[in-house]
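Report on one structure; see the data block that follows.
Every value quoted in this text rests on a predicted model; they were computed, and no experiment measured them. Side chains are part of it too, since the values below use all heavy atoms of this structure and drop only hydrogens, waters and symmetry mates. Below, chain A is the first sequence line, B the second, and so on; all start at residue 1.
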Amino acid sequence: MSVRVRFAPSPTGNVHIGNIRAAIFNWLFARHEGGKFLLRVEDTDLARSTKEAIDTLLECMAWLGLDYDEQVVYQSRRIERHLAVADELIRKGFAYRDNKGGGGECVIFRMPKEGRLEYTDLVKGAIRKKAEDTQDFVIVRSDGTPVFHLSNVVDDIDMEITHVIRGDDHVENTFKHIGLFKAVGAPVPHYAHLPMIVNNQGKPYSKRDGAAFVGEFKEQGYLPDALFNFLLLLGWAPGDDREVLTREEMIALFTLDRCKSSAARFDIKKLVWMNGEYIRSQPRDVFEAEFIARVRAADLSVEGTNLPGIMEHMQVRTKFYSEIPASCAYFFTEDYAFDAKGVAKRLKADGIPALLDEVAEKFAALPVFDMQTTHDVLTAMGEARNSGLGAMVHPVRVAVSGLTEGPGLFEMLALLGRDKVCARLRTVANKLRNGTL
RNA sequence: GCGCCCAUCGUCUAUCGGUUAGGACACAAGGUUUUCAUCCUUGGAAGCGGAGUUCGACUCUCCGUGGGCGCGCCA
């Protein structure tokens, strides 16, 4: 029988990383097995399940490349079917009507009263429980609406789900669900329960712990492939020492028996590293396209600049696309920002304006303006002042870029070109003299 | 309270009875560099405790301890 799995979120407007990880594991399992990955939107809470909330869900999935097979199933359209199954269960004696708790008459499913309940979890192994430790539970409320357990199982039956891969918190619900499957006379699917993603305190990771929703990571400039890879490593490992994997490798390697059964702590530092890793390894043209888009989004133009040269130096030091263009605006505008600390440390000293003017003058007089000649100028000036190259380089860097970090100064100067460099040096010297910087 | 599950470096993990317990992130030191980043080298860093089983336990069993989850007419 071919594998059919599903991701069954209830749309709330946000997609939690723990939730999307369940989707990732389902997707990978389906792709590995050559089966189907289905999407079921559990939108029975109409108040929260707005069109926007559903769109957000779909966008997040598309962003991560979680494509699904077959039509999306909307649970809210299947209520009659759920209720019909409840009636059938009553007829067969698996459920009964009762006024439990005095809220009115509801439908209650009968759980076994003796013996042992057991199932084999593909991640956690054997899960056992004494029947006496379970209780009958409501499947249709007194207002006539079906409860989660009923809807969930009936939908899984109708969608012919073979493997239920979901969060750890459903481990005990599974006994109820298996009871339902058996009562309906449907084959019980295989179960695999994934451990939770927790915070530093070992508590379930929530929005109070930082970015917790897929949309937030997207906004903060994380690459979908980096998030995907990172989330996969929370609870799964290929068995060898590889960590950065292509989608193809993940699909080839993914099996449920390699999933861990203990909770995983969310460590943003590793995600940050991985994001940089992904950015660095992107093909140059992909990086360039994103780079240009970011620069243009800031109303800057890349016209007339040495883009290939800039790309070469920026790709290796970009950890987030969202840093662009702040990290390199000086390549594209004369109105670049100055880092206050850098100015205080490198430009606020006697003699700096004169130094900058002298550098500009010598640069202007150079027969050829390139890495070698500019380097020679600053080296000579440093020696003349007996102060070393660093004392020349740092002020010049801050003056021409506004920043204390970035590409090598001489590469930067060559990329900017003599005219801009000299103009900037003189402008900054003047601003320093008249106190406007 | 009752039930279920879990437990290897600070973190993510490898190990499926025999290893100097490996890798990655982070951290530290060094190399390269004018800065930052990259890259390279090196270093510190772990089997929760206690009983068993076994020639031999991180690995199997039990008891503790700690943590998580569940026990809704929420999903």
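Counting only heavy atoms from C-beta on, A:D267 has its side chain closest to B:rU11 among B:rU11, B:rA37, B:rC4. For A:H394, the side-chain atoms get nearest to B:rU34 when compared with the rest of B:rA26, B:rU34, B:rG23. The nucleotide whose nearest atom lies closest to any side-chain atom of A:S10 is, among B:rC39, B:rU8, B:rA75, B:rA75. Out of B:rA75, B:rC39, B:rU35, the shortest distance to the side chain of A:V147 is found at B:rA75. Picking from B:rA75, B:rC25, B:rA37 the nucleotide with the shortest atom distance to the side chain of A:W273 gives B:rC25. The side chain of A:E243 lies closest to B:rG23, out of B:rC69, B:rG23, B:rA14. Taking only side-chain atoms of A:N99, from C-beta outward, the nucleotide of B:rC73, B:rC39, B:rC69 with the closest atom is B:rC73. Considering only side-chain atoms of A:K260, the nucleotide from B:rC4, B:rC6, B:rU13 that sits closest is B:rU13. Comparing B:rA7, B:rA75, B:rG3 by their nearest atom to the side chain of A:H170 picks out B:rA75. Comparing B:rC4, B:rA7, B:rC69 by their nearest atom to the side chain of A:P204 picks out B:rC69.
Between the P atom of B:rA75 and the NE2 atom of A:H177 lies a distance of 11 Å, rounded to the nearest Å. For the pair A:R280 CZ and B:rC36 P, the computed distance is 16 Å after rounding to whole Å. What separates CG of A:L232 from P of B:rA14 is a distance of 12 Å, to the nearest Å.
Between the side chains of A:H193 and A:H170, no donor-acceptor pair of N or O atoms lies under 3.5 Å.
One finds a side-chain N or O of A:R141 lying less than 4.0 angstrom from the OP1 or OP2 phosphate oxygen of B:rA75. At the phosphate of B:rC73, OP1 or OP2 sits under 4.0 Å from a side-chain N or O atom of A:K100. Using a 4.0 Å cut-off, some side-chain N or O of A:R258 falls inside it from OP1 or OP2 of B:rU15.
For the pair A:D155 and A:R40, the salt-bridge criterion is met [side-chain N within less than 4.0 Å of a carboxylate O]. A salt bridge is defined here as a Lys NZ or Arg NE, NH1 or NH2 lying under 4.0 Å from an Asp or Glu carboxylate O, and A:E42 with A:R6 fails to meet this definition. Here A:R242 pairs with A:D240 in a salt bridge; the nearest charged N to carboxylate O distance falls below 4.0 Å. In this structure, A:K319 does not pair ionically with A:E323, as no charged nitrogen and carboxylate oxygen lie closer than 4.0 Å. Comment: A:K113 engages A:D136 in a salt bridge, judged by a side-chain N to carboxylate O separation of less than 4.0 angstrom. Between A:K270 and A:D267 there is no salt bridge, since no side-chain nitrogen of the basic residue lies less than 4.0 Å from a carboxylate oxygen of the acidic one. Between A:R284 and A:E312 no salt bridge is recorded (no basic side-chain N to carboxylate O distance below 4.0 Å).
Within the shown strands, nothing qualifies as a pairing partner of B:rG72 under the Watson-Crick or G-U definition with both distances less than 3.5 Å. Nucleotide B:rC9: unpaired (no Watson-Crick or G-U wobble partner with both distances less than 3.5 Å). Pair assignment for B:rU15 gives none, since no Watson-Crick or G-U wobble pairing has each distance under 3.5 Å. Under the Watson-Crick or G-U wobble criterion, with both distances below 3.5 Å, B:rG47 is left unpaired in every strand shown. Base pairing of B:rU41 is made with B:rA29, judged by Watson-Crick or G-U wobble geometry with both donor-acceptor distances under 3.5 Å. B:rU34 makes up no base pair with any nucleotide shown, lacking Watson-Crick or G-U wobble contacts both under 3.5 Å.
B:rU59 and B:rU54 have their C1' atoms separated by 13 Å, with the value rounded to a whole Å. Taking atom P on both nucleotides, B:rC58 is separated from B:rA21 by 10 Å, rounded to a whole Å. Taking atom P in both B:rG3 and B:rU8, one finds a spacing of 25 Å when rounded to whole Å. Comparing B:rA28 with B:rA45, their C1' atoms are spaced 11 Å from each other, to the whole Å. For the P atoms, the distance from B:rA7 to B:rA14 is 10 Å, rounded to whole Å. Comparing B:rC6 with B:rG44, their P atoms sit 34 Å apart, to the nearest whole Å. Rounded to whole Å, the C1' atom of B:rU42 lies 35 Å from the corresponding atom of B:rG49. If you take atom C1' in B:rG10 and the same atom in B:rC2, they sit 35 Å apart, rounded to whole Å.
Residue contacts for A:A131: at a heavy-atom cut-off of 4.0 Å it reaches no nucleic acid atom on any strand shown. Residue contacts shown for A:N173 include a base, since a base heavy atom lies under 4.0 Å away. Within 4.0 Å (heavy atoms only), A:G390 reaches no atom of the nucleic acid at all. Among the protein residues, A:H193 comes within range of no part of the nucleic acid, since none of its heavy atoms lies under 4.0 Å from any strand. Using a 4.0 Å heavy-atom criterion, one finds that A:Q201 contacts no nucleic acid atom at all. Nucleic acid contact for A:S261: sugar-phosphate only, since backbone atoms but no base atoms lie under 4.0 Å from a heavy atom of the residue. In this structure, A:R242 reaches neither bases nor backbone, as no heavy-atom distance under 4.0 Å exists between it and the strands shown. No contact: A:H313 has no heavy atom under 4.0 Å from any strand. Contacts of A:G104 with the nucleic acid, taken as non-hydrogen atoms under 4.0 Å apart, include base atoms. Looking at heavy-atom distances under 4.0 Å, A:G239 makes contact with sugar-phosphate atoms alone, never a base. Nucleic acid contact class of A:R265 (heavy atoms, under 4.0 Å, all strands): sugar-phosphate only. Across all strands, A:L233 comes closer than 4.0 Å only to sugar-phosphate atoms, never to a base (heavy-atom distances). At a threshold of 4.0 angstrom between heavy atoms, the contacts of A:P238 with the nucleic acid are absent. Here A:F266 lies out of heavy-atom contact (under 4.0 Å) with every strand.
Screening A:L425, A:V421, A:V400, A:T374 for a side-chain contact (heavy atoms from CB on, under 4.5 Å) involving A:V359 leaves a single residue, A:L425.
With hydrogens and angles ignored, a donor-acceptor pair under 3.5 angstrom links the side chain of A:S142 to the base of B:rC73. Judged by atom type and distance alone, A:K270 reaches the base of B:rA24 through a side-chain donor-acceptor pair under 3.5 Å. You'll find a donor-acceptor pair under 3.5 Å spanning the side chain of A:R397 and the base of B:rU34, going by distance alone.
When the nearest nucleotides of RNA chain B are assigned to A:Q135 and A:L389 by heavy-atom distance, the more 5′-ward of the two goes with A:L389. Summary of the strand contacts: A:E405 and A:R128 both lie near RNA chain B, and taking for each the nucleotide with the nearest heavy atom, the more 5' one is attributed to A:R128.
The two residues A:L194 and A:A22 have their closest heavy-atom pair at CD2-CA, 3.9 Å.
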